[in-house]
Each structure stands twice: as structure tokens, then as C-alpha cells.
Amino acid sequence: MAEVSAADARAAGFASRDALTRQLGTALASGVPADAATTLYRIRVRFAGADARIALRDTTADLLASDDVFEDVRNKLDAMDRAARGPWTRATLRLIEARPATLAADLAAELGSLETRTFKQRVRRLKELGLTESLERGYRLSPRGALVVAKLRDEPRAEQRATTAQHPKASSSSSSSRTATRKRRRGSDDDDKPT
């Protein structure tokens with residue numbers, strides 16, 4: 001305690017060194033073990049900078065200017081879906097869009113038997129991409145998140161893209177069979193040509 005100066009006490013939030021000593025005495029009187037009440041640590045904290053996610057969530061110009069940026073976000077969402085037991089990113093974004101400021105427990109229940117803790121962890125991952133914002137109660141889509149959800153709505157479902165990526169031959173053969181079926185329905189000009 002002798003090493004603690006009046007400036008140290010003020011930096012720790014006490015009005016004076018005596019106020020700190022009184023606080024320690026109160027702790028000892030309340031039954032806190034002496035070593036716990038009298039062991040002091042000096043910790044300095046400084047502002048490391050603004051949270052990069054805050055700036056990112058308001059950034060939409062890059063998504064509007066470049067399809068590559070949107071594709072990168074979409075690929076990250078797809079990777080999160082693949083790493084989980086099934087797709088969840090888009091359903092979670094759509095649910096937050098539809099029900100902003102709703103308790104996490106209520107949103108998790110709406111997604112089925114998902115634990116609230118798991119739901120919150122997943123939303124944190126979306127927040128890392130700048131897509132969601134935490135509110136006093138619940139979440140909302142950030143401006144970036146709203147734009148990503150709108151762009152996702154305009155493209156084929158992730159499940160279809162994943163199937164095509166995993167089985168390109170199945171996709172092209174089903175495309176070929178659709179073409180053959182259309183030709184049979186309307187009658188192909190090739191059937192009338194001499195060989």
C-alpha cells in the first residue's frame with residue numbers, strides 16, 4: 001500500500017489515497033480475506049481505436065461499386081453455412097430484418113430448437129462482417145446488411161448454388177434434359193432436316 005500514491009488513487013477513481021484506504025478497510029471488515037483486499041494491481045487502459053465493425057456496417061459504396069465485394073461477402077456466408085450443420089446465415093438475416101429489436105431468445109425459438117447462446121454466437125459472426133447491429137434489445141440489420149439481404153434476394157438460393165458447385169455435371173445434364181424436353185414438346189426443326 002505504501003507504493004500507492006495520491007495520483008494512483010485518483011487515477012483508479014478514488015477522491016484521495018485516504019478514500020482508497022477506507023475502501024480497503026471496508027473490504028477487510030466485511031470478511032474479504034486480507035490478501036484479496038490488500039493485493040493491488042496497477043492496470044493502464046488506453047483507447048485502441050474505433051471498432052472497425054462500426055465503420056464497416058455503414059459502408060455500402062463498395063458493395064454498390066463492385067460485384068467482387070458482394071461475392072466475397074456471399075462466399076463468407078456460404079462458408080459459415082458449410083461449417084455449420086446446415087444453412088443458417090440467410091435465414092438469420094431475414095429474421096432480423098423482419099423482427100428488429102426482438103429478444104435473441106425469441107428469435108432463436110423462431111428458428112426451431114436453436115439455443116439462445118448459439119443464436120447469439122451466430123449473430124456475432126454476422127456482426128463481424130458488418131451486417132448486423134446490436135441494440136439495447138435485440139438486433140437490426142445495418143445499412144450494409146440491408147443491402148446484402150436485398151442482393152441475396154435477387155440471386156438463386158444458396159442451396160442451388162451449392163448443389164451446382166458440388167455436382168456441375170448433374171446440373172448441366174439436367175439442363176440438357178430440359179432442353180431436350182422442350183425440343184420434343186415443340187418439335188425440333190432438326191427432325192425435318194435430311195441427314
**Student:** Under 3.5 Å, is there a donor-acceptor pair between the side chain of Arg17 and the main chain of Ala9?
**Tutor:** no
**Student:** Check Leu147, Leu93, Val148 against Leu141 for a side chain to side chain contact (heavy atoms under 4.5 Å, CB included) and give me the one that passes.
**Tutor:** Leu93
**Student:** Please say yes or no: joined through hydrophobic side-chain contacts below 4.5 Å, possibly via intermediate residues, are Leu152 and Leu111 part of one cluster?
**Tutor:** yes
**Student:** Look up atom CZ in Phe119 and atom OH in Tyr139, then write down how far apart they are to the nearest 0.5 Å.
**Tutor:** 6.0 Å
**Student:** Is it the case that one hydrophobic cluster holds both Leu135 and Leu56, taking links as side-chain heavy atoms less than 4.5 Å apart, direct or via other members?
**Tutor:** no
**Student:** Hey, is the main chain of Thr102 close enough, under 3.5 Å, to the side chain of Asp106 for a donor-acceptor pair?
**Tutor:** no
**Student:** To the nearest 0.5 angstrom, please state how far the CG atom of Leu126 sits from the CZ atom of Arg53.
**Tutor:** 12.0 Å
**Student:** Only one of Leu131, Val123, Val149 passes side chain to side chain contact (heavy atoms under 4.5 Å, CB included) with Ile96; say which it is.
**Tutor:** Val123
**Student:** Please confirm whether the backbone N or O of Arg144 pairs with a side-chain atom of Asp58, one donor and one acceptor, at under 3.5 Å?
**Tutor:** no
**Student:** Just by modelled atom types, is the Asp62 backbone N or O under 3.5 Å from a matching donor or acceptor in the Ser66 side chain?
**Tutor:** no
**Student:** Whether Arg90 and Asp78 form a salt bridge (side-chain N of Lys/Arg under 4.0 Å from carboxylate O of Asp/Glu) is what I want to check.
**Tutor:** yes
**Student:** Test Pro100 against every option in Arg140, Arg137, Glu133 by the side chain to side chain contact (heavy atoms under 4.5 Å, CB included) rule and name the one that passes.
**Tutor:** Arg140
**Student:** Measuring from Leu107:CG to Leu114:CG, what's the distance to the nearest 0.5 Å?
**Tutor:** 10.0 Å
**Student:** Find the distance between OG1 (Thr132) and CZ (Arg124) and round it off to the nearest 0.5 Å.
**Tutor:** 10.5 Å
**Student:** Is there a path of hydrophobic side-chain contacts, each under 4.5 Å between heavy atoms, that joins Leu64 and Val73?
**Tutor:** yes
**Student:** Is there a donor-acceptor pair under 3.5 Å between the side chain of Thr116 and the backbone N or O of Ala104?
**Tutor:** no
**Student:** Are Glu155 and Arg74 ion-paired here, with the side-chain N under 4.0 Å from a carboxylate O?
**Tutor:** yes
**Student:** Rounded to the nearest 0.5 Å, what separation is found between the CG atom of Asp51 and the NZ atom of Lys127?
**Tutor:** 7.0 Å
**Student:** Tell me whether Asp18 is salt-bridged to Arg22, with the criterion being a basic N under 4.0 Å from an acidic carboxylate O.
**Tutor:** no
